[in-house]
*Asks:* 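Questions regarding the structure given below will be posed in turn.
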Amino acid sequence: MRIEQDLKLGFKDVLFRPKRSTLKSRSQVDLTRNFTFKHSGRQWSGVPVIAANMDSVGSFDMAKALARHKVMTAVHKHYTVEDWAGFIRDNDASVLNNVMVSTGTSDADFQKTKDIMALSDDLIFICIDIANGYSEHLVEYVERVRAAFPDKVISAGNVVTGDMCEELILAGADIVKVGIGPGSVCTTRVKTGVGYPQLSAIIECGDAAHGLGGQIIGDGGCTCAGDVSKAFGGGADFVMLGGMLAGHEESNGEVIEQDGEMFMKFYGMSSQSAMDKHSGGVANYRAAEGKTVLLPFRGPVENTIQDIMGGVRSTCTYVGAAKLKELTKRTTFIRVREQENNVYGKE
C-alpha cells in the first residue's frame, strides 16, 4: 500500500483568473476546433462538446438537434442495426459526421459495430465504452477495432491516469475518454472507493495524450457552463455531457407526471434502472453503480446548448482567448474554497 500526497482537484476547487483581453464581444469567440486524428488521419471540424452515450441522453433526436450547432452526440449502444438504418435514411452527412457509434467489447458488440458502420461511409466515429478502462481486455479490443477500421476515429475509455491513456493511444485509439466516478448519476466512488477528481484527471491525461498526438474527452462532472470551460481550460479536447443535456424533449427519457408537473427519468448506465431495462436485472456478482433521478422536464435542448456555448464564449472573453483552441494556453487556475454566493439558492 502507498499514498500519493499531492492534492487532486475537481472543478469546484478552482476558478479562472481573468486576463487582459482585446475582445470586444463574446460574438468574436470561435468555438470551432479542427482536428486531424492520429491513427485514422481523419479531419473533423466542429464544436467539441459531446452528448453522452446514455439512453436518456444520446438519442437519434439529440444527434439531429445538436448537429445544427456542429455539436456531437455519442449515440447510445442500445439501438438496433435496423434502428440505425432508419436513422441514416433520414439524415445527411452533416448529422452523421457528428455522431459516435457506441459499443461495448463483446464479440456480439464487434459484429454489431461492423454492421452499423457498413450502413454509411459518413459514419466516422466509434466510441468503445466500458466503465473500467484499466482492463487489458479493452486494450486488446481497441487493437481489434483499429485493425478492422483503419480509417475510422476510435475513442476508448474510461481512464483517469496518464499511463493508461498512453497505452490506449498506442493500441490504436485516436481519443481517450477520461473520467471515473464524476457523473451526476454515477455512484462508482461510493460503491467502490475508486475514482479521481475530474480536473486533475483531465490535466494529467491531456498531457499524456497530447505528447503522443492523441486527444482526450473529459467525460463527467460538469454541472454548469463554467465547468465545461474549466474542462477545456485544463486541456480537454472534447467535453462530454450527460446530466446537463438530460431532461429535454430530444433526450428520449421516460416522461412521468406528478402532481400536474412533468418530469423525465434519468439514470446512470450502471444503475439498477439501466440493468433492469437492458440486462434483465443486476447480476448477482455485482452491485448497481448508478442513481435514478427525476428531472423537471426542460423542453427543447436548443436553449440549453445555446446557454452552454454562450458561457464558454464568455470564459474566453475573460481570459482573452479569441478561439477555443487558445483557452488552455490562456488559462491560469486559482484554487478557491468558495465558488458562488448561494444566499438565494443555486443557479
*Asks:* Once rounded to the nearest 0.5 Å, what's the spacing between atom CG of D122 and atom CG of N97?
*Replies:*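 Here the rounded value is 5.5 Å.
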
*Asks:* Can you list the steps and then say if K77 with D129 is a salt bridge (Lys or Arg N to Asp or Glu O under 4.0 Å)?
*Replies:* CA-CA 9 Å; K77 66 182 181 181; D129 184 57; over 6 Å; no

*Asks:* Let me check something: do L327 and L15 share a hydrophobic cluster, defined by ILVMFWY side-chain heavy atoms less than 4.5 Å apart, either directly or through other members?
*Replies:*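 Result: no, two separate clusters.
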
*Asks:* Report yes or no: do W44 and N98 form a side-chain donor-acceptor pair below 3.5 Å?
*Replies:*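 On atom types as modelled, these side chains qualify, holding a pair under 3.5 Å.
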
*Asks:* Would you please indicate if the ring centroids of F87 and Y79 are separated by under 6.0 Å?
*Replies:*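 So the answer is no for these two rings.
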
*Asks:* Is a side-chain donor-acceptor pair under 3.5 Å present for D237 with H210?
*Replies:*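 Short answer, yes.
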
*Asks:* Check the side chains of Y141 and S135 for a donor-acceptor pair under 3.5 angstrom, ignoring hydrogens and angles.
*Replies:*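 There is no such pair between these side chains.
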
*Asks:* Is it true that F37 and V176 fall in one hydrophobic cluster, defined by side-chain heavy atoms closer than 4.5 Å?
*Replies:*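 No, it is not one cluster - the side chains of F37 and V176 are not joined through contacts under 4.5 Å.
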
*Asks:* Go through K64 and E250 one step at a time and tell me if the salt bridge (Lys or Arg N to Asp or Glu O under 4.0 Å) criterion holds.
*Replies:* CA-CA 9 Å; K64 287 184 267 192; E250 298 86 353; over 6 Å; no

*Asks:* For G311 versus A225, what's the shortest heavy-atom pair and its separation?
*Replies:*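 Heavy atoms only, the tightest pair is CA-CB, 4.0 Å.
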
*Asks:* Out of curiosity, L294 CG to M262 CE, how far, rounded to the nearest 0.5 Å?
*Replies:*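 Atom-to-atom, L294:CG and M262:CE are 11.5 Å apart.
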
*Asks:* Counting only N and O atoms by type, is there a donor-acceptor contact under 3.5 Å from the side chain of S45 to the main-chain atoms of F35?
*Replies:*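 Not at all, since once roles are kept as given, no pair shorter than 3.5 Å links the two residues.
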
*Asks:* Could you check I202 against F11 for side-chain contact (heavy atoms from CB on, under 4.5 Å), going step by step and ending with a plain yes or no?
*Replies:* CA-CA 11 Å; I202 286 170; F11 297 132; 4.0 Å; yes

*Asks:* For a 4.5 angstrom cut-off between non-hydrogen side-chain atoms, does V185 reach M54?
*Replies:*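 Yes, close enough: below the 4.5 Å cut-off.
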
*Asks:* As an exercise, state the distance from CG of D174 to OG of S155, rounded to the nearest 0.5 Å.
*Replies:*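 One finds 9.0 Å between CG of D174 and OG of S155.
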
*Asks:* Could you tell me whether the side chains of D307 and T304 share a donor-acceptor contact shorter than 3.5 Å?
*Replies:*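 On atom types as modelled, these side chains do not qualify, holding no pair under 3.5 Å.
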
*Asks:* Between I50 and M100, does a side-chain contact (heavy atoms from CB on, under 4.5 Å) hold up when you go through it step by step?
*Replies:* CA-CA 9 Å; I50 309 173; M100 292 179 143; 4.3 Å; yes

*Asks:* Using 0.5 Å steps for rounding, measure from the CG atom of L138 to the CD atom of E167.
*Replies:*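 One gets 9.0 Å once the value is rounded to the nearest 0.5 Å.
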
*Asks:* Just by distance, do the side chain of S40 and the backbone of R42 share a donor-acceptor pair under 3.5 Å?
*Replies:*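 Yes, because the side chain of S40 sits within donor-acceptor range (under 3.5 Å) of the backbone of R42.
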
*Asks:* Determine the minimum heavy-atom distance between G220 and P182, stating which atoms define it.
*Replies:*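 Residues G220 and P182, closest heavy atoms: C-CG, 3.8 Å.
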
*Asks:* Taking M309 as the starting point, is it possible to reach M62 by hopping between hydrophobic residues whose side chains are less than 4.5 Å apart?
*Replies:*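 Yes.
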
*Asks:* Just by distance, do the side chain of T328 and the backbone of G233 share a donor-acceptor pair under 3.5 Å?
*Replies:*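 Pair found, side chain donor or acceptor close to backbone of G233.
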
*Asks:* Okay, side chain of K177, backbone of D219: is any donor-acceptor separation there less than 3.5 Å?
*Replies:*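 No; judged by distance alone, with no hydrogens or angles, the pair does not exist.
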
*Asks:* Evaluate the criterion side chain to side chain donor-acceptor pair (under 3.5 Å) for residue pair D163 and T161; output intermediate values, then yes/no.
*Replies:* CA-CA 6 Å; D163 56 344; T161 54; 2.7 Å; yes

*Asks:* Can you establish whether the number of heavy atoms outside D6 located under 6.0 Å from its atom CG is more than 12?
*Replies:*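 Atom CG in D6 is packed in, count exceeds 12.
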
*Asks:* Is any side-chain heavy atom of K8 closer than 4.5 Å to a side-chain heavy atom of E204?
*Replies:*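 A side-chain contact exists here, since the closest heavy-atom pair is under 4.5 Å.
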
*Asks:* Applying a strict under-4.5 Å side-chain criterion to I, L, V, M, F, W and Y, I'd like to know whether V71 and F125 cluster together.
*Replies:*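 No.
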
*Asks:* Just how far is it from atom OG1 of T32 to atom CG of L324, taken to the nearest 0.5 Å?
*Replies:*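 With rounding to 0.5 Å, OG1 (T32) is 8.5 Å from CG (L324).
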
*Asks:* Do the side-chain N and O atoms of D61 and S59 include a donor-acceptor pair separated by under 3.5 angstrom?
*Replies:*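 No pair is found: no donor N or O on one side chain lies under 3.5 Å from an acceptor on the other.
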
*Asks:* For a 4.5 angstrom cut-off between non-hydrogen side-chain atoms, does M244 reach I308?
*Replies:*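 Sidechains of I308 and M244: in contact.
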
*Asks:* What pairs of residues pass the salt bridge (charged side-chain N to carboxylate O under 4.0 Å, His left out) test when at least one of them lies in residues 90-111, not counting sequence neighbours?
*Replies:*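 Salt bridge (charged side-chain N to carboxylate O under 4.0 Å, His left out) check on residues 90-111 returns D107-R144.
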
*Asks:* Taking the side chain as C-beta and beyond, is there a heavy-atom pair between V75 and N53 under 4.5 Å?
*Replies:*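 No, their side chains stay 4.5 Å or more apart.
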
*Asks:* Has Q339 got a side-chain atom pairing as donor or acceptor with K12's backbone, closer than 3.5 angstrom?
*Replies:*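 Indeed, once roles are kept as given, a pair shorter than 3.5 Å links the two residues.
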
*Asks:* Is L31 reachable from I217 through a run of hydrophobic residues whose side-chain heavy atoms are each under 4.5 Å from the next?
*Replies:*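 In one cluster: no.
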
*Asks:* Is it true that a side-chain atom of S21 and a backbone atom of T317 form a donor plus acceptor pair closer than 3.5 Å?
*Replies:*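 Here the side-chain-to-backbone pair exists.
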
*Asks:* Does K70 NZ have over 12 foreign heavy atoms under 6.0 Å away?
*Replies:*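 For K70, atom NZ is not crowded (no more than 12 foreign heavy atoms under 6.0 Å).
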
*Asks:* Is a donor on one side and an acceptor on the other found under 3.5 Å between the side chain of R189 and the backbone of V194?
*Replies:*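 Judged by distance alone, no pair lies under 3.5 Å.
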
*Asks:* Measuring only between side-chain heavy atoms, which start at C-beta, is F266 closer than 4.5 Å to V57?
*Replies:*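 In contact.
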
*Asks:* Just verifying a value: how many Å separate I175 CD1 and I128 CD1, rounded to the nearest 0.5 Å?
*Replies:*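 Between I175 CD1 and I128 CD1, I get 11.0 Å after rounding to 0.5 Å.
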
*Asks:* What heavy-atom pair brings S229 and T315 nearest, and what distance separates the two atoms?
*Replies:*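 Result for this residue pair: OG-OG1, 2.7 Å.
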
*Asks:* Are the aromatic ring centres of F16 and F333 under 6.0 angstrom apart?
*Replies:*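 Yes, ring centres under 6.0 Å apart.
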
*Asks:* Take atom CD of E338 as the centre, draw a 6.0 Å sphere, and report whether it contains more than 12 heavy atoms from other residues, nucleotides or ligands.
*Replies:*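 Check fails, neighbour count at 12 or below.
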
*Asks:* For the residue pair V14 and L9, establish whether any side-chain heavy-atom pair is separated by less than 4.5 Å.
*Replies:*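 Touching, per the 4.5 Å side-chain cut-off.
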
*Asks:* With heavy-atom distances below 4.5 Å as the criterion, would you say the side chains of F149 and I126 are in contact?
*Replies:*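 They are in side-chain contact.
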
*Asks:* Can you establish whether the number of heavy atoms outside D121 located under 6.0 Å from its atom CG is more than 12?
*Replies:*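 At most 12 heavy atoms, drawn from other residues, nucleotides or ligands, come within 6.0 Å of this atom.
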
*Asks:* Given S314 and R26, is the side chain to side chain donor-acceptor pair (under 3.5 Å) satisfied, shown in steps?
*Replies:* CA-CA 6 Å; S314 193; R26 295 170 179 82; 3.0 Å; yes

*Asks:* Hey, is the main chain of M264 close enough, under 3.5 Å, to the side chain of R298 for a donor-acceptor pair?
*Replies:*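 No, the answer is negative, given that no donor and acceptor are paired below the 3.5 Å cut-off.
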
*Asks:* Are H69 and E302 linked by a side-chain donor-acceptor pair shorter than 3.5 Å?
*Replies:*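 Present: a donor and an acceptor within the cut-off.
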
*Asks:* Is there a donor in the side chain of T103 and an acceptor in the side chain of T113, or the other way round, less than 3.5 Å apart?
*Replies:*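 Distance-only check passes for T103 and T113.
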
*Asks:* Ignoring hydrogens and angles, state whether a donor on the side chain of K19 or T332 is under 3.5 Å from an acceptor on the partner side chain.
*Replies:*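 There is such a pair (donor and acceptor under 3.5 Å, judged by atom type) between the side chains of K19 and T332.
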
*Asks:* Can you check side-chain contact (heavy atoms from CB on, under 4.5 Å) on D13 and R335, steps first, answer last?
*Replies:* CA-CA 6 Å; D13 298 313; R335 285 189 51 205; 5.5 Å; no

*Asks:* Would you check if I180 and V159 make a side-chain contact, meaning some heavy-atom pair closer than 4.5 Å?
*Replies:*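 SC-SC contact between I180 and V159 ruled out.
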
*Asks:* Which atom pair, heavy atoms only, marks the closest approach of P48 to R33?
*Replies:*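 Heavy atoms only, the tightest pair is CG-CG, 3.6 Å.
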
*Asks:* For the pair Y134 (side chain) and V160 (backbone), establish whether a donor and an acceptor sit closer than 3.5 Å, ignoring hydrogens and angles.
*Replies:*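 Here the side-chain-to-backbone pair exists.
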
*Asks:* Without hydrogens or angle criteria, can the side chains of N252 and D55 be said to hold a donor-acceptor pair below 3.5 Å?
*Replies:*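 Distance-only check fails for N252 and D55.
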
*Asks:* Determine yes or no for a side-chain-to-main-chain donor-acceptor pair under 3.5 angstrom, with R89 supplying the side chain and W84 the backbone.
*Replies:*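 Absent.
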
*Asks:* Take V142 and T105 through the test side-chain contact (heavy atoms from CB on, under 4.5 Å) and record every step on the way to the result.
*Replies:* CA-CA 9 Å; V142 169; T105 57; over 6 Å; no

